[in-house]
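Read through the structure below, which is laid out as structure tokens, and then see the notes.
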Number of protein chains: 2
Amino acid sequence: MEMAQDRELVEQWRSIQSAYFRTAGAIDRELEARFNIGLNEFEILDLVADNADACRMKQLGQRTPMTQSALSKVVDRLQKAGLITRQSCEDDRRSLFLELTDAGRALHADAAVAHRTLLQENLSQTG
Amino acid sequence: MEMAQDRELVEQWRSIQSAYFRTAGAIDRELEARFNIGLNEFEILDLVADNADACRMKQLGQRTPMTQSALSKVVDRLQKAGLITRQSCEDDRRSLFLELTDAGRALHADAAVAHRTLLQENLSQTG
DNA sequence: TGTCATTAGATGACACGTCATATAGATTGA
DNA sequence: TCAATCTATATGACGTGTCATCTAATGACA
């Protein structure tokens with residue numbers, strides 16, 4: 001026994017899901033194909049690029065819905081790909097500062113253009 | 001060199017992401033804790049329950065953003081959990097009809113209440 | 001009827017996220 | 001200064017999604 005109100009809720013939810021999957025999927029495929037990084041990797045690059053000055057893992061954690069451990073692994077991959085550096089921080093040696101490498105900065109610049117374009121294409125859609 | 005327009009896009013995207021993760025996470029945790037099924041499992045139960053008469057995998061595939069192979073595995077789990085049956089279909093023996101078991105119907109009834117409640121709680125938030 | 005293409009669904013290898021935990025450094029208080 | 005606790009990050013086991021591919025059934029056309 002469903003009420004009309006429930007239907008609406010479920011519709012709203014499906015529409016969010018659909019927008020999310022469509023958009024995330026499109027971006028992910030394109031970034032993967034052209035730059036060989038996934039959406040999560042890009043989002044971290046993007047956040048680090050935004051914070052011109054060095055940026056702690058902890059702070060990043062607060063700006064993405066990613067888990068701390070997911071974040072740690074994403075940064076691992078970015079580092080292995082030579083796009084980012086982890087430098088331990090003097091005043092608290094548990095912390096790490098993240099910084100883009102030149103390659104990271106270059107890739108980010110290009111990827112960001114693709115990212116914004118795909119956001120525009122996908123978020124404006126109705127369904 | 002970001003334009004204001006881009007910022008807005010990115011903001012809109014973050015807000016969708018955030019709504020999606022918050023809501024999906026909350027539902028998933030609750031369903032897992034109380035009914036021992038995940039969000040995707042529930043969504044399939046929900047779709048099958050909706051289609052009172054028997055329902056092909058193929059059709060389901062068109063109503064969820066899930067991959068065909070993901071769907072196949074979700075249905076596997078639902079079947080192993082005794083919530084759903086797969087019956088092969090006479091006029092096209094490649095097709096399968098899905099139907100809820102009594103247990104499946106019972107669980108769905110309870111889980112749907114929790115699901116709608118959590119949708120309401122989460123989708124109304126600002127972000 | 002025989003071949004070729006197509007379609008429904010299943011499956012295995014792999015990548016990634018999550019949870020629980022480990023590790024190492026910081027902080028507090030006696 | 002020692003012990004207890006807390007905090008920042010890393011890691012391993014595990015579950016689930018994805019892609020590519022497989023199988024079996026169907027359809028189409030000669």
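Being a predicted model, the structure only gives us computed values, none of them experimental. A note on names: the letters A, B, ... follow the listed sequences, proteins ahead of strands, and every chain is numbered from 1.
- Side-chain contact of His108(A) with Asp46(A): a donor-acceptor pair under 3.5 Å is present, judged by distance alone.
- Using modelled atom types, no side-chain atom of Ser15(A) and backbone atom of Glu11(A) make a donor-acceptor pair closer than 3.5 Å.
- The residue among Asn40(A) and Ser95(B) whose nearest nucleotide of DNA chain C lies closer to the 5′ end is Ser95(B).
- Counting only distance, with no hydrogens or angles, the side chain of Glu30(B) and the backbone of Ile27(B) share no donor-acceptor pair below 3.5 Å.
- Using a cut-off of 4.0 Å between Lys/Arg side-chain N and Asp/Glu carboxylate O, Lys73(B) and Asp76(B) are scored as not salt-bridged.
- With hydrogens and angles ignored, the 3.5 Å screen pairs a side-chain donor or acceptor of Thr64(B) with a backbone N or O of Met66(B).
- Reading DNA chain C from its 5' end, the first and the last nucleotide to sit under 4.0 Å from a heavy atom of chain A are dC16(C) to dA26(C).
- At least one donor-acceptor pair under 3.5 Å links the side chain of Thr101(A) to the backbone N or O of Gly82(A).
- Ion pair Asp50(A)/Arg7(B) flagged as a salt bridge, since at least one NZ, NE, NH1 or NH2 atom sits closer than 4.0 Å to an Asp/Glu carboxylate oxygen.
- Read 5' to 3', the first and last nucleotides of DNA chain D with an atom closer than 4.0 Å to a heavy atom of chain A are dT7(D) to dA13(D).
- Near DNA chain C, defined here as any heavy-atom distance below 4.0 Å, the residues from residues 64-77 of chain B are Gln68(B), Ser69(B), Ser72(B), Lys73(B), listed numerically.
- With no hydrogens or angles considered, a side-chain donor-acceptor pair links Arg56(B) and Ser95(B) at under 3.5 Å.
- Side-chain contact, Trp13(A) with Glu43(B): a donor N or O sits under 3.5 Å from an acceptor N or O.
- Nearest heavy-atom pair across Val75(A) and Ile84(A) is O-CG2, 4.2 Å.
- When each of Arg29(A) and Met57(A) is assigned the nucleotide of DNA chain D with its nearest heavy atom, Met57(A) is the one assigned upstream, toward the 5' end.
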